[in-house]
Novice: 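First the structure, then my questions, so here it is.
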Number of protein chains: 2
Amino acid sequence: MNALPAGSVDMIFADPPYNLQLQGDLHRPNNSKVDAVDDAWDKFDDLGAYDRFTHEWLSAARRVLKDDGTIWVIGSYHNIFRVGSKLQDLGFWVLNDVIWRKTNPMPNFRGRRFTNAHETMLWCSKSKDSQNTFNYEAMKTLNDDLQMRSDWLIPICSGSERIKGDDGRKGHPTQKPEALLHRVIVAATKPGDVVLDPFFGSGTTGAVAKRLGRHWIGLERDKGYIKLALERIAKVQKAETEMLTIQAKREEPRIPFGWLVERGLLQPGAVLESFNRRWTAKVRSDGTLISAEHRGSIHQVGAAVQGAPACNGWQFWCVPKDGVLVPIDHYRQLLRAELH
Amino acid sequence: MNALPAGSVDMIFADPPYNLQLQGDLHRPNNSKVDAVDDAWDKFDDLGAYDRFTHEWLSAARRVLKDDGTIWVIGSYHNIFRVGSKLQDLGFWVLNDVIWRKTNPMPNFRGRRFTNAHETMLWCSKSKDSQNTFNYEAMKTLNDDLQMRSDWLIPICSGSERIKGDDGRKGHPTQKPEALLHRVIVAATKPGDVVLDPFFGSGTTGAVAKRLGRHWIGLERDKGYIKLALERIAKVQKAETEMLTIQAKREEPRIPFGWLVERGLLQPGAVLESFNRRWTAKVRSDGTLISAEHRGSIHQVGAAVQGAPACNGWQFWCVPKDGVLVPIDHYRQLLRAELH
DNA sequence: AGTAATTTTGAATCGAAAA
DNA sequence: TTTTTCGATTCAAAATTAC
């Protein structure tokens, strides 16, 4: 980080080692062994060593961050209090602590504590008086026209999104879900901004930044991780510029359409067709649509192209799939089931 | 706190000043003024002063806490990182960080941040190796037979629960909901335990502790708050004792397997089958099992035949009876009932 | 080939009593 | 104080195998 020019970065997303301090092995009730995070990079001699490490990288981060930039740091109860205190000590100003609530956390197999079902993110500006970016309207749109809260419900990264190594096993032990980074980046940056991730790992930050038309810088010392990340990001397509500019307001159903984009069920720039194939529209990153002549919510654009007073966009718009049209409501139901 | 005997308290619930550092007045969009927390007790000169205050009261708390007791501290992003770091520095061992998600938080009127919709609680034991109370089954029952997670959805305190002062205005600016304390106390204490709240305020901890049959100690320096709290607690009725006792499975008296043979519930030489019918073993007169290749306790042989690191023999081994497999745990329960 | 059942897995600080 | 034994304990979702 010290090789980068001072004040050159708009946003930092950092996922530092958590210093888990695991003791012995842990087995599930069915006797299978939990594949724990026991990598060398998560080992520190004691709290003091972790504090020094935190001080060093946060100081370096502060230097490269623009005065009006913001920093996000994610962690668990093992490390987040050390990080939070150090951020305050260095003069950062906490804007929010945001809770990532996991839909599918690992259970507590021994029944000795509450299921550890969340992680904490700290969002800070460089000082109390700096002017940070916050795309309030985009967040509100993404949350069914209600203010976005400080607790976010998002599944852990699994399935096809999880990067595999050459051996077919998980490529990185702590890969974060793209939906999480999507919301972070849409909330706190503008297209063209520079996003820095000093603990790049599997490159989730770079992949999402690229898709959303933000520049990215990733720092990583493990060559294996670098290779995986670069291959991954090479496959990502940047969404069209128009899809990335943010629009505001409007009514939407209980599952906001934007969530489908955020969760990767639909990509920014994806083309939707009306059920009768007469009209098409493209999906933008904030969950609005844009057609030849109109832009707005799925309902508004659906109504506008028909010249109708109203329209249920969930039934009107479809995804062309293998020659068949699948109503976007189908995806809403998938997500609704998932979020239960 | 220093007047209390050392090691005399089973649980501490602490709701210290948050050091909110509010700047000017805040108005809602309709121009009404938000009734902020601007009391003298929430004013500190700087972070250093807040840290010294935190160090002092946490040190005192540590002294009065039993070695196997636990402490809960609630806070927001303004202070929780200072508190969490200090807890760790003093040797406390974090068991969970629990998120209180508010169903009805105050909106962010300026639209500059995410709605601050949660507060954080830290639950710590006195050291890594201490044995704290956790009523796992009670929590699981309370959560529809799923493990209780670290994020709790509970409304803020309002309506008739909110204590009013003599002037009819709110009696205490940061009164916590009784539902929150209910879950904390049921989770981490037993009936008859002593609960200490060093920042008693409106006395929520005392009220809930009394109803749940726990003893309580409240420390408060504001005489107005003391008066309100005592009046409030006087109205509370302790629930019936039978409603408060919880019999956890792991606290039931132990029944050696040999007793089943001794009492004639199983005959020496009886053949047991594993629940999946893959293995068999014979019962010996001393209460050990013998299989084709292994001999030892029900647990040891169960583990050995599976090649597993451990096994609960009570659930693994069954008695074939009329074509059905009856777990030997059934006979243990019969004997347990008989022994009363 | 399609559906149902089974197995696998995820940032985890995950015992206590008796000998 | 240390070692051995007892025996309690999991949820959601994807991947794999069985039917």
Side-chain angles (χ1 to χ4, degrees), chain A residues 15-39 41-42 47 74-80 100 102-120 155-162 164 168-170 172-177 201 334 337-340, chain B residues 68 88 92-97 124-125 127-132 134 136-137 140 143-150 248-258 276 287-288 296-300 302-303 309-317 328-329 332:
Chain A
D15 183 11
Y18 288 7
N19 189 25
L20 287 186
Q21 307 167 66
L22 303 177
Q23 313 289 328
D25 288 344
L26 178 65
H27 292 87
R28 300 184 181 82
N30 66 4
N31 281 324
S32 64
K33 191 177 152 199
V34 174
D35 182 18
V37 177
D38 55 358
D39 305 74
W41 49 252
D42 197 42
L47 271 183
I74 186 167
S76 65
Y77 65 83
H78 308 85
N79 72 324
I80 201 67
W100 168 28
K102 304 178 184 184
T103 57
N104 47 352
M106 189 174 1
N108 185 294
F109 296 117
R110 303 303 292 269
R112 309 310 300 206
R113 304 180 178 187
F114 299 101
T115 305
N116 196 4
H118 74 276
E119 294 186 22
T120 301
I156 62 175
C157 180
S158 66
S160 59
E161 187 186 323
R162 189 96 197 192
K164 307 294 195 279
R169 299 175 59 81
K170 60 185 173 189
H172 192 284
T174 71
Q175 183 181 341
K176 296 295 177 288
L334 289 182
E338 188 180 333
L339 297 179
H340 134 312
Chain B
D68 288 340
Q88 293 177 315
F92 286 101
W93 191 248
V94 181
L95 297 167
N96 279 111
D97 59 333
C124 305
S125 62
S127 78
K128 182 162 75 72
D129 301 312
S130 54
Q131 297 178 213
N132 60 282
F134 178 52
Y136 174 76
E137 288 87 354
K140 191 170 175 177
N143 193 40
D144 203 14
D145 284 338
L146 291 177
Q147 288 191 338
M148 185 68 79
R149 296 166 45 115
S150 55
K249 226 186 210 175
R250 32 168 74 95
E251 283 167 4
E252 287 178 308
R254 284 197 179 182
I255 305 277
F257 176 67
N276 51 14
T288 58
S297 72
I298 53 172
H299 314 296
Q300 289 171 329
C311 170
N312 183 341
W314 291 108
Q315 287 163 11
F316 183 77
W317 294 111
I328 56 176
D329 194 42
R332 176 171 65 160

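Letters A, B, ... mirror the listed sequences (proteins, then strands); counts begin at 1. Only heavy atoms go into these numbers, but all of them, side chains included; no hydrogens, no water, no symmetry mates.
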Novice: Would you say a side-chain N or O of A:Asn104 is under 4.0 Å from OP1 or OP2 of D:dC11?
Specialist: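 No.
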
Novice: For A:Leu20, report the nucleic acid contact type (base, sugar-phosphate, nothing); a contact means any heavy atom under 4.0 Å.
Specialist: base

Novice: Which nucleotide sits closest to the side chain of A:Asn116: C:dA12, D:dT9, C:dA11?
Specialist: C:dA12

Novice: Is the distance from OP1 or OP2 of C:dT13 to the nearest side-chain N or O of A:Asn19 less than 4.0 Å?
Specialist: no

Novice: Measure from the side-chain heavy atoms of A:Arg162 and tell me the nearest of C:dA16, D:dT10, C:dA11.
Specialist: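 Of the options given, the side chain of A:Arg162 lies nearest C:dA11.
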
Novice: Between the side chains of B:Ser297 and B:His299, is a donor N or O closer than 3.5 angstrom to an acceptor N or O?
Specialist: no

Novice: Can you identify which nucleotide, out of C:dC14, D:dA12, C:dA11, has its nearest atom closest to the A:Glu119 side chain?
Specialist: C:dA11

Novice: Take A:Thr174 and B:Asn132, find for each the nucleotide of DNA chain C with the closest heavy atom, and name the residue whose nucleotide sits nearer the 5' end.
Specialist: A:Thr174

Novice: What's the gap between C:dT13 and D:dA13 when it is taken at their C1' atoms, as a whole Å value?
Specialist: 26 Å

Novice: What is the nucleic acid contact for B:Lys128, judged by heavy atoms within less than 4.0 Å: base, sugar-phosphate only, or nothing?
Specialist: nothing

Novice: Considering only heavy atoms and no angle criterion, is a donor-acceptor pair shorter than 3.5 Å present between the side chain of A:Arg113 and the base of C:dT13?
Specialist: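 Yes.
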
Novice: Compare side-chain N and O positions of A:Arg28 against OP1 and OP2 of D:dT10 and report whether any pair is under 4.0 Å apart.
Specialist: no

Novice: Mind checking if A:Lys33 touches a base, just sugar-phosphate, or nothing, with heavy atoms under 4.0 Å?
Specialist: nothing

Novice: Would you mind telling me which residue lines up with the more 5' stretch of DNA chain C, B:Asp129 or A:Gln21, judged by nearest nucleotide?
Specialist: A:Gln21

Novice: So A:Pro105, base contact, sugar-phosphate only, or nothing? Heavy-atom distance under 4.0 Å.
Specialist: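 Base: the residue A:Pro105, judged by heavy atoms under 4.0 Å, touches a nucleobase.
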
Novice: Give none if C:dT13 has no partner; otherwise give the nucleotide forming a Watson-Crick or G-U wobble pair with it, both distances under 3.5 Å.
Specialist: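 Pair assignment: C:dT13 / none.
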
Novice: OP1 or OP2 of D:dC6 versus the side-chain N and O atoms of B:His299: is any pair under 4.0 Å?
Specialist: no

Novice: Would you please confirm or rule out a distance under 4.0 Å between OP1 or OP2 of D:dC6 and any side-chain N or O of B:Ser297?
Specialist: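 Checking D:dC6 against B:Ser297, a side-chain N or O does come within under 4.0 Å of OP1 or OP2.
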
Novice: Nearest of D:dA13, D:dT10, C:dG10 to any side-chain atom of A:Thr103?
Specialist: D:dA13

Novice: D:dC11 P sits how many Å from A:Lys102 NZ, rounded?
Specialist: 16 Å

Novice: Would you say B:Tyr136 places a side-chain N or O within less than 4.0 Å of OP1 or OP2 belonging to D:dT10?
Specialist: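 For D:dT10, OP1/OP2 do have a side-chain N/O of B:Tyr136 under 4.0 Å.
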
Novice: Both distances below 3.5 Å, Watson-Crick or wobble geometry, any strand: find the nucleotide opposite C:dA18.
Specialist: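 Its partner is D:dT3 (Watson-Crick or G-U wobble, both distances under 3.5 Å).
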
Novice: Just to confirm, is there a sub-4.0 Å distance from OP1 or OP2 of C:dA11 to any side-chain nitrogen or oxygen of A:Lys176?
Specialist: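 Checking C:dA11 against A:Lys176, no side-chain N or O comes under 4.0 Å of OP1 or OP2.
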
